[in-house]
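Written below as structure tokens is the structure these notes are about.
Computed from heavy atoms alone, side chains included, the values below leave out hydrogens, waters and symmetry copies. Whatever order the structure lists ligands and atoms in, that order sets their numbers, starting from 1. Nothing fancy with the numbering, it's 1 onward along the sequence.
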Amino acid sequence: MAMTQEVREPHMHAEAEYFTLPSGHKIPSVGLGTWRSGSDAAKSVFTAITKAGYRHVDTAKEYGVQEEIGEGLKAAMQAGIAREDLFITSKLWCSDLAPDRVKYALKNTLKELQLDYLDLYLVHWPFRLKDGAHRPPEAGEVLEFDMEGVWKEMENLVRDGLVKDIGVCNYTVKKLNRLLSFAQIKPSVCQMEMHPGWRNDKMLEACKKHGIHATAYSPLGSGERDLIHDPVVTRVANKVNRTPGQVLIKWAIQRGTSVIPKSSHEERINENIQSMQIRFCLNGLLFERKSRVRTELFWVNSLFFYKLQIFLISSPTSNHIISNIFDYLIFFVCNSSFHSYENNSNDLKSTNKVIHYQKIYPLKVKTQIMQHLTDLKFSMI
Ligand code: NAP
């Protein structure tokens, strides 16, 4: 790959550049996300490392871009970046969540990335899927997950020197406690969705309590939930004279989490890592109201129409806030399914029941609810 550019040193201020993991290894504060980076992956990785000064790249077998990322990493190393200065994360996919498949899956990932070790290997989701399972899975496609057996194999990867640190993604507090009850090597990192609209406070607190580092994914809203154009975020960004993306990334870092924004555009790749250069603390209170609304919505579930009415009646809302609430509700309805699998996956029967139920009802119910919300939204504004 012809990717020759001037290699830039990582940013200078050491205190904001890394967090120290329980193992003593250091994880860079800002890494490059690679989900949905497609054919741009090699170029993005190379640009991020050699031009923008990134040292952490986050990927996964499931993203289907590990070979491209391997090309980008190889080119960056040929341009003079040392392997030991890079921090490369990948993840064990749900269909490989069986003790006898862990090492094989890791070796395959290493081959695709053209590396001989990973800095961090994460369990991608805490439920096991049948090979070739549908997306989303259908009834019977979620299998028994031997959490202890899989974790023992993850620990063996560390002992064998194939992986420096191990961790998990998308765990609940309950599942984390279960893991901690038998882990001989504690997870170093827990990766989860976190941004001002979904703070994930409970999990973050649990991680802090156990000395586990947390990494925030989808920090910009993942392109689907437009946090970049969110009025609260925009207002804060204007106030501190930075871009909305930088404000969102800084928000994550100042909570003590590392963060892995994805971009395939050079100017945004640059913009995102420059968040580390914001030397002052953002006023967290500016985000409070938005966070409360979002968290509330996550809990309302079947009662949400009732609670929504109470909320609307009891709040001194403006049209603008009402509009925001509806946007969140619509998002919530659309995105609740994955969380249902996860929350129920301790009990296979109930998981498959949820999937069965969602298979019959989802589109109809979701479409009706969304239509209802959208109509209501427009009739109230
Ligand atoms: P994200 O980083 O929150 O958002 C990415 C989106 O924002 C893309 O559409 C990107 O577009 C756009 N963007 C990036 N920088 C921007 C900026 N400065 N201004 C405006 N728009 C900007 O979403 P994500 O990809 O979901 O999450 C980040 C990473 O976390 C993933 O790539 C993946 O590595 C990891 N992740 C892990 C899990 C897990 O289960 N462990 C789940 C989800 C994500 P362009 O590319 O066009 O710039």
Side-chain angles (χ1 to χ4, degrees), residues 27-41 43-45 47-48 52 54 56-66 68-69 72 87-94 97 109 113 118 120-127 129 135 166-172 175 187 189-198 200 203 213-230 233-234 237 242-253 257-278 331 335 338-339 341-342:
I27 185 169
S29 312
V30 180
L32 181 75
T34 60
W35 182 35
R36 297 190 285 204
S37 54
S39 55
D40 292 327
K43 190 163 167 259
S44 304
V45 165
T47 303
Y54 284 70
H56 180 189
V57 177
D58 177 87
T59 191
K61 171 73 183 163
E62 179 58 13
Y63 302 164
V65 290
Q66 290 196 140
E68 290 78 357
I69 287 168
F87 190 101
I88 311 300
T89 299
S90 186
K91 309 181 192 95
L92 178 69
W93 182 238
C94 303
L97 277 192
T109 278
L113 291 170
L118 281 184
L120 179 62
Y121 200 39
L122 302 170
V123 171
H124 205 148
W125 283 89
F127 57 84
L129 292 179
R135 311 287 164 78
I166 48 177
V168 294
C169 309
N170 306 304
Y171 265 50
T172 52
K175 282 184 184 159
V189 173
C190 185
Q191 194 181 106
M192 60 191 122
E193 180 177 349
M194 281 187 283
H195 44 70
W198 176 238
N200 229 331
M203 257 319 276
H213 175 75
T215 298
Y217 75 64
S218 302
L220 312 174
S222 209
E224 282 154 11
R225 211 167 337 160
D226 197 355
L227 291 177
I228 291 283
H229 296 101
D230 182 279
V233 176
T234 307
R242 307 288 163 146
T243 67
Q246 289 173 332
V247 160
L248 289 163
I249 294 164
K250 173 68 183 181
W251 179 86
I253 299 173
T257 67
S258 52
V259 59
I260 44 173
K262 174 264 172 187
S263 181
S264 302
H265 293 96
E266 186 172 338
E267 66 285 6
R268 288 172 171 178
I269 289 174
N270 253 310
E271 176 190 323
N272 293 346
I273 199 166
Q274 279 164 16
S275 315
M276 289 195 303
Q277 291 165 352
I278 304 180
F331 165 77
N335 286 269
F338 233 167
H339 290 275
Y341 306 140
E342 206 277 325

I want to check something: taking the side chain as every heavy atom from C-beta on, are L220 and I249 in contact at a cut-off of under 4.5 Å?
yes
Side-chain donor-acceptor pair under 3.5 Å between R36 and S222, yes or no?
yes
Determine whether the side chain, the backbone, both or neither of N170 has a heavy atom under 4.0 Å from any heavy atom of ligand 1.
side chain
Which heavy atom of the protein is the closest neighbour of atom 29 (C) of ligand 1, given with residue, atom name and distance?
I260 O, 3.1 Å
Tell me which one of E271, Q191, E266, H195 gets a heavy atom nearest to atom 41 (N) of ligand 1.
Q191
When you measure from the heavy atoms of K91 to every atom of ligand 1, does any distance fall below 4.0 Å?
yes
Check: H56/T89 side-chain N/O donor and acceptor closer than 3.5 Å:
yes
Ligand 1 atoms in contact with P261 (distance to a heavy atom under 4.0 Å)
2 (O)
Between T34 and I260, is any pair of side-chain heavy atoms under 4.5 Å apart?
no
Taking 4.0 angstrom as the limit and counting only heavy atoms of N272, give me the atoms of ligand 1 inside it, by number and element.
14 (C), 15 (N), 17 (C), 18 (N)
Using a strict cut-off of 4.0 Å, indicate which atoms of ligand 1 neighbour a heavy atom of C169.
41 (N)
Counting only heavy atoms, tell me which of Y217, W125, W35 gets closest to atom 42 (C) of ligand 1.
Y217
Please report whether ligand 1 has a polar contact with P219, defined as an N or O pair separated by less than 3.5 Å (distance criterion only).
yes
Of the listed options (R36, H229, R268, K262), which comes nearest to atom 17 (C) of ligand 1 when hydrogens are ignored and any heavy atom counts?
R268
Can you list the atoms of ligand 1 that are under 4.0 Å from a heavy atom of G221?
3 (O)
Can K262 and D58 be counted as an ion pair, charged N to O under 4.0 angstrom?
no
As an exercise, identify every atom of ligand 1 less than 4.0 angstrom from a heavy atom of H124.
39 (C), 40 (O), 41 (N)
Looking at ligand 1, would T243 count as a contact under a 4.0 Å heavy-atom criterion?
no
Among all protein heavy atoms, pick out the one at the shortest distance from atom 36 (N) of ligand 1; state its residue, atom name and that distance to 0.1 Å.
Y63 OH, 3.3 Å
Would you mind checking which non-hydrogen protein atom is closest to atom 27 (O) of ligand 1, with the distance to 0.1 Å?
S218 N, 3.1 Å
Would you sort out whether K91 and Q191 count as a side-chain contact (heavy atoms from CB on, under 4.5 Å), showing the intermediate values?
CA-CA 10 Å; K91 309 181 192 95; Q191 194 181 106; 3.3 Å; yes
Please report the interatomic distance CD1(I273) to CD(Q246), rounded to the nearest 0.5 Å.
11.5 Å
Any I69 side-chain heavy atom under 4.5 Å of I88 side chain
no
Could you check atom 6 (C) of ligand 1 against the protein and tell me its nearest heavy-atom contact, residue, atom and distance included?
G223 N, 3.9 Å
Side chains of V259 and V30: closer than 4.5 Å at any heavy-atom pair?
yes
L220, any N or O under 3.5 Å of ligand 1 N or O:
yes
Against V45, only a single residue in I269, V65, T59, L32 fulfils side-chain contact (heavy atoms from CB on, under 4.5 Å); can you say which?
L32
Region of D58 engaging ligand 1 - heavy atom pairs below 4.0 Å
both
Ranked by distance from atom 23 (O) of ligand 1, the top protein heavy atom is S222 CA, 3.1 Å
Minimum-distance protein heavy atom relative to atom 48 (O) of ligand 1:
S263 OG, 2.6 Å
Indicate whether any N or O donor in one side chain lies under 3.5 Å from an N or O acceptor in the other, for T215 and S258.
yes
Can you tell if the side chain of W125 reaches within under 4.5 Å of the side chain of L97, non-hydrogen atoms only?
no
